[in-house]
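Written below as structure tokens is the structure these notes are about.
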Amino acid sequence: MRIGMGYDMHRLVTGRRLILGGVEIPFEKGLLGHSDADVLTHAICDALLGAAGLGDIGCHFPDTDPAWAGIESLKLLDQVREMIRADWVIANIDATVMAEAPKINPFREAMVSHLAAVLRLNPVQINVKATTLEGLGAVGRGEGIAAQCIVLLRNAAASS
């Protein structure tokens with residue numbers, strides 16, 4: 001078994017859609033980034049790649065490559081799933097979104113459903129929760145949104 005941890009944070013700006021876990025959330029600002037800037041999905045990608053010993057999201061999908069400009073992060077997650085599936089089985093994912101606003105809980109089930117569909121998991125294997133930072137730091141001041149994730153992978157050969 002292997003454990004991986006992922007983290008991502010992006011700045012909130014006007015003129016962008018807010019996408020978290022593949023779900024568009026109605027909000028006056030969105031996250032700035034080369035892709036759709038979905039911090040939740042990016043944290044999951046990093047956790048999976050880290051657990052599998054495959055580096056991080058920037059190694060595989062660099063923001064200097066125009067091929068990834070504007071891409072939906074769920075497509076990146078699907079590619080990460082393909083990279084690890086021969087050797088690893090995802091046991092579970094536990095992720096936290098950190099944001100002062102908007103409220104994440106009304107969209108949590110949809111996020112889990114989107115992520116589970118891409119990863120071909122039972123939704124009970126994915127836990128998404130949210131917290132505020134009580135006004136502390138850049139996220140606490142509402143300047144951005146962050147996410148962190150921990151995953152547990154089992155060896156595919158041992159699981160068959």
Show every donor-acceptor pair shorter than 3.5 Å between a side-chain atom in residues 28-39 and any protein atom, with sequence neighbours excluded, or say none if there are none.
unit_1	atom_1	unit_2	atom_2	d
H34	ND1	D63	O	3.3
H34	NE2	D65	O	2.9
H34	NE2	A69	N	3.3
S35	OG	A37	N	3.1
S35	OG	H42	NE2	3.2
D36	OD1	D38	N	3.2
D36	OD1	S73	N	3.4
D36	OD1	S73	OG	2.4
D36	OD2	S73	N	3.0
D38	OD1	G21	N	2.9
D38	OD1	L40	N	3.2
D38	OD1	T41	N	3.0
D38	OD1	T41	OG1	3.3
D38	OD2	G21	N	3.0
D38	OD2	G22	N	2.8
D38	OD2	T41	OG1	2.8

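- Scored by the side chain to side chain contact (heavy atoms under 4.5 Å, CB included) test, A138 finds M9, R141, E143 as partners (sequence neighbours excluded).
- Legend: side chain to side chain donor-acceptor pair (under 3.5 Å) pairs involving residues 43-62, not counting sequence neighbours: none detected.
- With sequence neighbours left out, the side-chain hydrogen bond (donor to acceptor under 3.5 Å, both in side chains) criterion links K75 to no other residue.
- Placement of Y7 and F61 in two distinct hydrophobic clusters is found when ILVMFWY residues are connected by side-chain heavy-atom separations under 4.5 Å, directly or transitively.
- In this view, K129 and D94, T96, N127 satisfy the side chain to side chain contact (heavy atoms under 4.5 Å, CB included) rule, not counting sequence neighbours.
- Both V118 and I25 belong to a common hydrophobic cluster when Ile, Leu, Val, Met, Phe, Trp and Tyr are linked at side-chain heavy-atom distances under 4.5 angstrom.
- M98 and V23 are members of different hydrophobic clusters when ILVMFWY side chains are connected at heavy-atom separations under 4.5 Å.
- Across every non-hydrogen atom of A51 and G4, the tightest pair is CB-N, 3.5 Å.
- Between atom CD1 of residue I44 and atom CZ of residue R81 there is a gap of 14.0 Å, rounded to the nearest 0.5 Å.
- I19 forms part of no hydrophobic cluster, judged by ILVMFWY side-chain heavy-atom separations under 4.5 Å.
- Looking at residues two or more places apart in sequence or on another chain, you find a side chain to side chain contact (heavy atoms under 4.5 Å, CB included) between V112 and R108, P123, I126, V128.
- If you chain together hydrophobic residues whose side chains sit under 4.5 Å apart, M83 and L121 fall into the same group.
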task = Run the numbers on M111 and I104 for side chain to side chain contact (heavy atoms under 4.5 Å, CB included), then give the verdict.
result = CA-CA 10 Å; M111 291 177 198; I104 303 303; 3.6 Å; yes
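- E109 is linked by a side-chain hydrogen bond (donor to acceptor under 3.5 Å, both in side chains) to nothing, counting only residues two or more places apart in sequence or in another chain.
- Applying the ring pair (Phe, Tyr, Trp, His ring centres under 6.0 Å) test to F27 and every residue at least two apart in sequence or in another chain returns nothing.
- Considering every non-hydrogen atom in both P102 and I145, the closest pair reads CD-CD1, 4.5 Å.
- Under the side chain to side chain contact (heavy atoms under 4.5 Å, CB included) criterion, T132 pairs with E100, E134, sequence neighbours left out.
- If you chain together hydrophobic residues whose side chains sit under 4.5 Å apart, L49 and V89 never meet in one group.
- The number of heavy-atom neighbours closer than 6.0 Å to CD of E72, taken from other residues, nucleotides and ligands shown, is 12 or below.
- Separation of atoms CD (Q148) and CG (D8) is listed at 11.5 Å; rounding is to 0.5 Å.
- Here the closest non-hydrogen pair linking C45 and L76 is SG-C, 4.1 Å.
- Closest approach of A47 to G6, counting heavy atoms only: CB-N, 3.5 Å.
- Listed by chain and number, the residues in a salt bridge (charged side-chain N to carboxylate O under 4.0 Å, His left out) with R11 amount to none (sequence neighbours excluded).
- Formation of a donor-acceptor pair under 3.5 Å by the R17 side chain with backbone atoms of E24 is not found in this model.
- Taking CD from Q79 and CD1 from I57, the interatomic distance works out to 10.0 Å, rounded to the nearest 0.5 Å.
- Sorted by first and then second residue, the side chain to side chain donor-acceptor pair (under 3.5 Å) pairs involving residues 82-92 (not counting sequence neighbours) are E82-R85.
- Counting heavy atoms from C-beta on, the side chains of L115 and I93 never come closer than 4.5 Å.
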